[in-house]
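This report concerns only the one structure given below.
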Amino acid sequence: MLDVNKITRVEMDWSGPERLQMNMGPQHPSAHGVFRAILGLQGETVVDVDAVIGYLHRCHEKLSETLTYAQYPSIASKTDYVAAMTSEFAYVLAAEEIGKFEVPKRAQYLRVIVAELQRIASHLLWLGTWCMDMGGALGGGATIFLYCIREREDVLDLFESLVGARLLYGFFQVGGTRYDIPDGWAEQCRKTIDRINSRVDEYEQMLEDNAFFLARTQGIGVVSRELAQDVGIAGPLLRGSGVNFDLRKNVPYSSYQDFDFKVPVETAGDCYARYKVRMAEFRQAISIVRQGLDKLPSGPISSRPALKSVAQIRIPKGEAYARVEGPRGEVGSYIVSDGSAKPYRMKWRGASFSNLAILPHIIPGHKVADVVAIMGSVDPVFGEVDR
Amino acid sequence: MSQTLVALPPIVTALISGFIVLNVVIGMVTYVTLLERKFAARMQSRIGPYRVGPHGLLQPIADALKLMMKEDIVPTAADRPVYNLAPIVFLIPCMLIFGSLPFAPGLGVADVNIGILFFLAVSSMEIVGLFMAGWGSNNKYALFSAMRAVNQIISYDLPFIFSALVPVLLAGSLKMSDIAAAQQGSLLKWFIFYPVIGQLAFVMFTVATLAAENRVPFDILEAESELVAGFRVEYSGMKFALIQLGEYAHMIGSSFLGALLFLGAWSGPGPEYLGPLWFLLKAMFVFLLVTWIRWSFVRIRVDQILMLSWKALLPATLMLLIGTAVVVVWRTGGF
Amino acid sequence: MNAEQARAAIASTFGVEIAAGVPMVVTVPAERWEELARYAKDTVGCRFFNFLTAVDWKEQGLEVVARLDNLEEDVALMLKTKLGPGVTHCASLMPVYRGADWMERECFDMFGIHFDNHSDLRRILLEDSWEGHPLLKSYAVDTPHPPYR
């Protein structure tokens with residue numbers, strides 16, 4: 001039991017700048033998961049930040065050494081649980097690269113469609129939670145949060161009719177995909193993305209004409225080009241700092257070279273630039289989904305026979321690093337295989353882990369309220385950070 | 001009151017009228033929370049409370065019962081006297097302001113001849129209770145919020161006072177019923193329709209009210225997503241209910257003040273006894289305007305709030321006040 | 001410099017053979033680890049620090065793997081160094097890349113590799129009082145292991 005008499009009381013010294021250590025603890029409405037930031041404050045200005053992670057660590061890498069290549073893709077979605085499709089994608093691509101398996105065209109197009117729909121859903125969640133962090137759960141932020149969640153539900157309905165699950169799918173398997181699109185799915189998909197397109201225009205208008213929003217996001221959390229590459233951040237953060245690098249264009253995988261889309265790049269490097277990059281990515285993702293549905297070839301959805309046993313897929317000795325452009329950046333999977341049905345070593349290159357490493361470099365100098373805005377624009381998902 | 005119950009000694013009439021007003025205010029505060037929730041829900045394309053009672057009408061009663069039944073937790077290392085007294089010290093000024101409001105000509109608790117001054121002075125005393133709550137909680141988040149609160153409310157009380165003084169200048173008296181009487185007669189006599197000065201003063205009054213009430217976009221001190229309820233973070237149960245009561249009562253009081261100063265108080269079509277109803281409707285209009293703004297904007301940072309107050313709003317209201325004085329003197333032929 | 005020039009330059013400077021294919025896999029002895037990273041950043045222009053990890057080869061010891069990219073010229077480098085049986089020290093890449101900070105802390109946490117010149121080497125994903133390093137092959141998978149149970 002806590003003994004009240006033994007609690008030391010420290011008299012604050014008013015003669016100079018004193019530092020207050022405040023804990024934005026693992027339980028916090030805007031921690032985006034479980035994240036602890038120990039802020040050293042001088043008044044309202046943050047002087048240093050110590051990021052403590054690991055509250056969601058499940059040791060996926062050790063787990064993958066005990067599960068076969070057929071069992072693990074469903075578990076892979078639990079790393080980046082907001083964008084589960086791209087997480088599975090990375091693992092499956094790496095396994096296929098070592099084993100030199102061919103993936104049929106239809107499966108590749110399906111993978112692209114599903115990955116882009118997942119990008120739309122993930123960015124909707126990002127927009128809602130970011131505005132909620134800045135606006136408060138009882139305020140304008142909650143309004144836009146509910147609108148975005150309403151659109152995201154439509155996309156998750158699409159996934160539910162395709163796979164059967166709303167959040168964590170087992171759609172990918174080594175050699176192709178597990179499910180094919182049911183009848184009427186393409187129609188529903190087109191209607192949904194048309195609706196989302198018009199609604200995203202509304203949200204953009206609502207936010208960009210708002211002087212308060214601009215005051216909160218412009219000039220905040222500036223990441224220079226050099227720092228961005230040095231730390232290794234990727235995705236909208238990198239493109240918001242002026243580096244024109246998108247895996248889908250520079251290192252195309254899974255038939256992305258057949259699709260016509262632009263890569264948005266902004267040079268300012270602040271929260272507003274990252275916001276603009278993600279809003280532009282909405283439009284590009286919608287365009288890619290439309291093209292994919294129009295050009296979807298017929299054929300098999302997997303080049304491997306149907307799974308009859310868990311140890312069916314065997315991959316020869318070798319290693320490969322495969323990466324996909326997830327909504328948060330470069331999600332990569334480095335597999336070292338020793339010829340058995342289970343990997344020898346599997347390393348997840350989590351996009352959010354590298355993105356989060358930038359926080360100690362850009363936060364000092366900002367006010368407490370900016371910490372929340374910056375974290376929202378970095379958009380971490382702690383399943384990926386802690387794995 | 002004083003006309004009808006003239007036989008009773010004045011202290012009894014004062015007590016009765018005070019009791020009635022207090023109960024009405026508390027009832028109104030609970031139902032105003034429901035109004036806000038329904039309004040916000042419709043803005044977010046959902047319905048709001050619906051199940052408790054027909055269309056959610058019993059929801060505030062359920063909330064009140066729940067809060068009364070909750071355990072009262074006091075943090076071990078909190079400063080007990082300060083912590084326990086803070087909700088009461090916060091609530092008293094917020095209730096006192098209703099004592100000076102006239103709800104109809106002759107209908108009110110005490111229509112003092114310095115009504116506006118009393119209202120403004122007492123309403124800015126809530127800051128004491130707020131700071132006591134933040135300090136006594138022994139919690140860094142609460143302390144943070146209390147510091148920000150002192151900064152913000154003090155900075156915005158000045159533009160609040162200056163913009164409220166514009167109708168005083170236009171009516172020529174600090175007495176609330178005089179200001180209301182100066183707007184009777186026709187719609188165009190309402191001070192909000194006074195050319196240029198009325199509209200500007202109303203806008204500045206609304207902005208200052210938003211900030212003095214800690215409403216988004218100026219709610220940095222309770223910033224749900226950073227400070228998790230700010231100065232009230234350690235309060236639970238009935239003490240929390242008292243603080244909520246005080247906040248909403250202050251909000252409604254300011255809405256009534258806005259309706260009285262700018263929207264003509266009880267003037268409206270129809271017979272005399274409908275006056276209080278019009279007053280209520282106008283106050284609710286001001287309240288919904290504030291609510292509408294609250295549910296549409298993100299909040300701005302504390303240094304931006306202070307900059308807005310000291311560098312923009314205060315000089316603007318000061319200029320407006322001086323301009324109003326010049327216009328009034330010119331119109332009455334003083335030059 | 002582009003991929004071909006990089007391959008030739010690294011092969012000649014460090015005296016290693018680089019197999020054909022993407023990415024370029026360069027294996028150097030542990031003493032030249034930091035030198036290689038600095039060469040890759042300054043001369044080859046690989047300014048993008050992708051990741052750093054380790055593989056446990058049981059009797060043959062640990063191997064540290066890092067991947068660097070040159071985004072403009074499209075050069076991908078996979079650097080490896082074998083630490084040797086029983087060796088758990090390695091040079092830190094923190095003076096060269098700031099991104100190595102968290103990656104090396106994770107390696108320390110999971111494999112027990114101590115990085116010299118790292119300014120703040122402590123566990124990142126597990127709590128500070130954890131015993132053992134989970135990703136080593138000797139760390140039990142199916143039996144209870146301290147500090148739990």
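Order of the sequence lines sets the chain letters (A, B, ...), proteins ahead of strands, with each chain counted from 1.
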### Task
Assess whether salt bridge (charged side-chain N to carboxylate O under 4.0 Å, His left out) is satisfied between Asp338(A) and Lys137(C), documenting all intermediate values.
CA-CA 14 Å; Asp338(A) 61 352; Lys137(C) 292 290 179 183; over 6 Å; no

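The side-chain heavy atoms of Ile124(C) and Phe353(A), taken from C-beta on, include a pair separated by under 4.5 Å.
Both the backbone and the side chain of Tyr344(A) come within contact range of chain C, judged by heavy atoms closer than 4.5 Å. Interface remark: Ala76(C) contributes no atoms to any contact with chain A (heavy atom separation under 4.5 Å). Using a 4.5 Å cut-off between heavy atoms, Glu319(A) contacts chain C through its side chain alone, with no backbone atom that close. Heavy atoms of Arg225(A) lying under 4.5 Å from chain C belong exclusively to its side chain. Within the 4.5 angstrom heavy-atom criterion, no atom of Val52(A) approaches chain C. Heavy atoms closer than 4.5 Å to chain A are found in the side chain of Val65(C), but not in its backbone. For Leu93(C), no part lies near chain A; criterion is any non-hydrogen pair under 4.5 Å. The contact between Asp56(C) and chain A is made entirely by backbone atoms, counting heavy-atom distances below 4.5 Å. With a threshold of 4.5 angstrom between heavy atoms, Leu238(A) approaches chain C through side-chain atoms but not through N, CA, C or O. With a 4.5 angstrom heavy-atom cutoff, Leu135(C) touches chain A via backbone and side-chain atoms both. For Leu227(A), the parts sitting under 4.5 Å from any heavy atom of chain C are the backbone and the side chain alike.
At most 12 heavy atoms of other shown residues, nucleotides or ligands fall within 6.0 angstrom of atom CD in Glu102(A).
Heavy atoms only, all atoms of each residue included: Ser354(A) and Asn50(C) are closest at OG-O, 4.3 Å. Residues Tyr334(A) and Met78(C) come closest through the heavy atom pair CE1-CE, 3.3 Å. Of all non-hydrogen atoms in Ala234(A) and Phe48(C), the two that sit nearest each other are CB-CZ, 4.4 Å. When all heavy atoms are compared, the tightest approach of Asn250(A) to Leu71(C) is ND2-O, 4.4 Å.
Of the residues considered (Val243(A), Ile358(A), Val385(A), Ile233(A)), Ile233(A) shows the highest number of contacts with chain C, using heavy-atom pairs under 4.5 Å.
For the atom pair Cys59(A) SG and Leu126(C) CG, the distance stands at 7.0 Å (nearest 0.5 Å). Separation of atoms CG (Leu125(C)) and CZ (Arg58(A)) is listed at 11.0 Å; rounding is to 0.5 Å. The line from CD of Glu61(A) to OG1 of Thr53(C) is 6.0 Å long, rounded to the nearest 0.5 Å. In this structure, Phe51(C) CZ and Arg323(A) CZ are separated by 9.5 Å, a value rounded to the nearest 0.5 Å.
A salt bridge links Arg387(A) with Glu106(C); the closest basic N to acidic carboxylate O contact falls under 4.0 Å. Between Arg67(C) and Glu330(A), none of the side-chain N atoms (NZ, or NE/NH1/NH2) sits under 4.0 Å from a carboxylate O, so this pair counts as no salt bridge.
Not a single donor-acceptor pair under 3.5 Å links the side chain of Lys347(A) to the backbone N or O of Ala54(C).
Just one residue in the list Gln229(A), Glu226(A), His361(A) forms a side-chain hydrogen bond (donor to acceptor under 3.5 Å, both in side chains) with Arg98(C), and that residue is Glu226(A).
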